Amino acid sequence: MNPLGITMVLGLLAGICAQTNVLYPECDSPEAEEAALVAQGFLNAQHTHGYKYALNRIDDIKIYTMPDGDRTYALDIDLLETDCHVLDPTPVVNCTVRPKVLTAVEGDCDVVLKRVGGVLTVTAFKCKTEESTEDLCLGCPALLPLNHTVALDFVQASLATFNNRTVNMTFTVLEVGRMSSQIVSGGPVYLAEYVVVEANCTDDICEPLNDATAVQGICTAKGLSIAHTVDCKIFPFLTPLVDANSTAAAAPAVHVRRGSFSPKHGLRHHKLTPLHNPHVSSLLSAESAESSEVVPIVPAVVLDPAPPVADPAVPAPDPALPAADPALPAADPAPVSESASTSAASASEETPLTLVKRDLPVAPAPEFIYSTVKEPISLVPVCPGRIRFF
């Protein structure tokens with residue numbers, strides 16, 4: 001590309017950037033809340049294993065307004081794991097956030113949304129999921145890896161107890177959600193949460209029904225393999241909406257995971273989907289750096305006036321010579337040599353300016369300055385927003 005073409009492209013890019021307006025609304029404003037709830041719903045929809053997450057706090061928000069009216073939202077939000085599995089149709093607002101004593105799981109997500117025609121849609125996100133290590137108590141239940149052998153045996157034993165109570169239906173484990181152990185006076189006690197699905201059994205071999213009408217539920221068990229309690233809640237069946245004009249095959253409502261319950265050795269909880277279209281937006285990787293960036297203040301440099309520099313053409317006076325007698329008559333100023341006039345002109349040009357201070361009228365009273373402020377300036381930061389749970 002020739003230099004003229006490069007200049008034109010750079011000029012167009014500079015014009016587009018100059019027309020982009022960046023807004024910084026309050027993190028608890030209705031617009032920020034709307035965007036955060038849309039992000040929460042989208043993240044839970046992408047999360048196909050484990051539990052739903054609820055919005056806990058909006059850490060930061062920026063809105064980029066384009067000349068055509070479209071808006072791009074860059075959000076930094078915190079979420080907390082609830083006790084509602086992703087297959088449970090219960091709305092997130094009706095789910096209970098898991099307390100810290102049961103090892104809460106937190107999600108930190110950067111989400112980019114776009115509003116076109118008044119509709120907000122998620123274009124990209126990145127998430128980090130980790131256990132909360134705050135307020136852990138001695139003797140509280142501790143999470144176990146999802147492939148813990150003894151705990152998995154406890155899950156199968158409690159499932160057999162539930163199947164013995166069930167009439168005309170047999171269930172199998174679809175997914176283990178959580179397993180933990182607690183030390184009591186008699187030794188360790190296991191706690192487990194797992195999702196069950198209706199199964200087709202032949203000769204003691206059960207296979208999950210991969211059908212949209214298969215019954216599903218979640219079970220909670222506590223105790224040991226030989227003595228335990230188990231309680232299961234069946235999910236309400238929701239008829240999926242099918243477009244009569246669509247020719248695409250409907251996706252199965254049941255996601256069957258075969259083999260190991262945990263794809264990664266040592267994983268103790270299900271993580272949020274870490275990335276979604278990260279290449280679409282550059283705002284994902286830059287948001288955290290921008291929010292903490294401190295712009296350095298360059299101090300003003302005050303230059304002292306330079307002392308006059310002696311003209312090398314004029315010889316310095318000899319200190320050995322006697323000073324002129326003031327009683328003698330002054331020399332005639334008329335015959336001035338050319339070199340003397342040149343030296344005088346150079347000296348006059350290099351003489352520093354003398355500043356004369358002038359007396360100014362007395363400044364108005366400070367009350368006049370404060371009276372121009374109509375409303376007090378709020379010192380409360382607009383972000384981060386309020387904490388909903390902990």
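Positions are given from 1, in the same order as the sequence printed here. These numbers were taken from a predicted model, which means no experiment stands behind them.
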* To do: Taking D108 for its side chain and C127 for its backbone only, find out whether a donor-acceptor pair lies under 3.5 Å.
  => no

* Asked: Is it true that a side-chain atom of S180 and a backbone atom of L144 form a donor plus acceptor pair closer than 3.5 Å?
  -> no

* Asked: Cut-off 3.5 Å, side chains only: do H269 and E81 have a donor facing an acceptor?
  -> no

* **Contact check, side chains of E34 and L120, non-hydrogen atoms, under 4.5 Å** => yes

* Do K114 and V122 have side chains that get closer than 4.5 Å, going by heavy atoms? -> no

* Which heavy atom of T273 sits nearest a heavy atom of Q46, and at what distance? -> OG1-O, 3.0 Å

* Ignoring hydrogens and angles, tell me if any N or O in the side chain of S158 forms a donor-acceptor pair with the backbone of F154 under 3.5 Å. => yes

* Answer with yes or no whether the hydrophobic clustering places V105 together with L80; edges join I, L, V, M, F, W, Y residues whose side-chain heavy atoms lie under 4.5 Å apart. => no

* Asked: If we only count heavy atoms from C-beta on, is the L43 to F125 side-chain gap below 4.5 Å?
  -> yes

* Can you hop from M169 to Y194 via hydrophobic side chains spaced under 4.5 Å? -> yes

* Asked: Is any side-chain N of the basic residue among E33 and R388 closer than 4.0 Å to the acidic one's carboxylate O?
  -> yes

* **Student check: side-chain heavy atoms of Q216 and D88 closer than 4.5 Å** => no

* What closest approach, in Å, do P188 and L224 show between heavy atoms, and which atom pair accounts for it? -> O-CD2, 3.2 Å

* In terms of hydrophobic clusters joined by side-chain contacts under 4.5 Å, are I234 and V155 together? -> yes

* Could you tell me whether the side chains of Q182 and Y190 share a donor-acceptor contact shorter than 3.5 Å? => no

* **Plane angle bin for F162 and F171 - parallel if under 30°, tilted between 30 and 60°, otherwise perpendicular** => tilted

* Asked: If you measure from CD on E31 to CD on E26, what distance do you get to the nearest 0.5 Å?
  -> 12.0 Å

* Check ion pair K233-D231 (N to O, under 4.0 angstrom) -> no

* To do: Please answer: with hydrophobic residues joined when any side-chain heavy atoms are less than 4.5 Å apart, are I183 and V189 in the same cluster?
  => no

* So do R268 and H148 actually touch side chain to side chain, heavy atoms under 4.5 Å? -> no

* Side chains of V86 and N44 in contact at under 4.5 Å (non-hydrogen atoms) -> no

* Asked: Are the ring centres of Y53 and H47 closer than 6.0 Å?
  -> yes

* Verify the distance criterion only: is there a donor paired with an acceptor across the side chains of R115 and Y73 at less than 3.5 Å? => yes

* Got a donor-acceptor contact below 3.5 angstrom from the D110 side chain to the K126 backbone? -> no

* Structure fact -> Nearest heavy-atom contact between L272 and T129 is N-OG1, 3.1 Å

* Report yes or no: does D203 contribute a side-chain atom to a donor-acceptor pair with the main-chain N or O of I205 at less than 3.5 Å? => no

* Closest approach of V196 and C219, non-hydrogen atoms and distance? -> CG1-SG, 3.8 Å

* To do: Classify the side-chain pair H85/E175 by whether it contains a donor and acceptor separated by less than 3.5 Å.
  => yes

* Asked: Side chains of T121 and F42: closer than 4.5 Å at any heavy-atom pair?
  -> no

* To do: Check I218 against Y51 and note the closest heavy-atom contact, atom names and distance.
  => CD1-CE2, 4.2 Å

* Do L113 and L37 belong together in a cluster built from hydrophobic side chains that touch within less than 4.5 Å? -> yes

* Side-chain heavy atoms of V230 within contact of T161, under 4.5 Å -> yes

* Salt bridge check: are R98 and E106 linked by an N-O gap of less than 4.0 Å? -> no

* Structure fact -> Closest non-hydrogen contact found for P99 with F390 is CA-CE2, 4.4 Å

